[in-house]
Amino acid sequence: MRSGRARATSARAPHHYEGHWQALQYWCAKWYGSDRLMMRFAGRAVRKAPQGSPLTGMYLHALDAQGVPSTARFVTVTDPVAG
């Protein structure tokens, strides 16, 4: 897949999961991109995804491709009302 095709997939089918998955693979460091390009692509996919879309998982797939341990992906949020 060429970078033009990766961009075209996102432009033509902005909510197509499989197309985004293939583009994410293209942008990762093990193929033709870098961690920075892959994370930028994943972040953009998440920001543009409609609520409830499986595309919001692209960022987690990108973290997994980078080798980020699953335990480092979770953030503890405390209830600001309870203090």
Side-chain angles (χ1 to χ4, degrees):
M1 179 187 298
R2 295 186 175 142
S3 67
R5 275 183 70 189
R7 287 187 189 109
T9 299
S10 296
R12 289 183 193 155
H15 308 302
H16 188 263
Y17 183 85
E18 186 62 30
H20 277 74
W21 169 255
Q22 293 296 324
L24 185 76
Q25 293 301 306
Y26 175 87
W27 290 117
C28 74
K30 69 181 176 184
W31 294 111
Y32 303 104
S34 66
D35 288 343
R36 186 174 121 295
L37 290 170
M38 177 183 60
M39 295 306 290
R40 186 185 312 167
F41 175 80
R44 197 171 326 137
V46 170
R47 283 190 304 278
K48 292 183 176 187
Q51 186 175 9
S53 169
L55 286 178
T56 57
M58 280 296 138
Y59 197 78
L60 294 176
H61 288 303
L63 289 174
D64 187 50
Q66 278 187 305
V68 175
S70 59
T71 55
R73 297 180 197 165
F74 299 99
V75 177
T76 303
V77 178
T78 57
D79 186 359
V81 176

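A quick note: this is a predicted structure, and the numbers were derived from the prediction, not measured. Reckoned from all heavy atoms, side chains included, excluding hydrogens, waters and symmetry mates.
Nearest heavy-atom pair across Trp31 and Tyr26 is CB-O, 4.1 Å. The two residues Gly33 and Leu37 come nearest to each other via the heavy atoms CA-CD1, 4.1 Å. Nearest approach of Leu63 to Met39, heavy atoms of both residues: CD2-CE, 3.7 Å. Nearest heavy atoms, Leu55 versus Ala49: CB-CB, 3.8 Å.
Side chains of Trp21 and Met58 form a contact here, defined as non-hydrogen atoms less than 4.5 Å apart. Residues Met38 and Gln25 fail the side-chain proximity criterion, which asks for heavy atoms closer than 4.5 Å.
The only member of Gln22, His20, His16 that meets side chain to side chain donor-acceptor pair (under 3.5 Å) when paired with Glu18 is Gln22.
The side chain to side chain donor-acceptor pair (under 3.5 Å) pairs that include a residue from residues 45-63 are Tyr17-His61, where partners are two or more places apart or lie in different chains.
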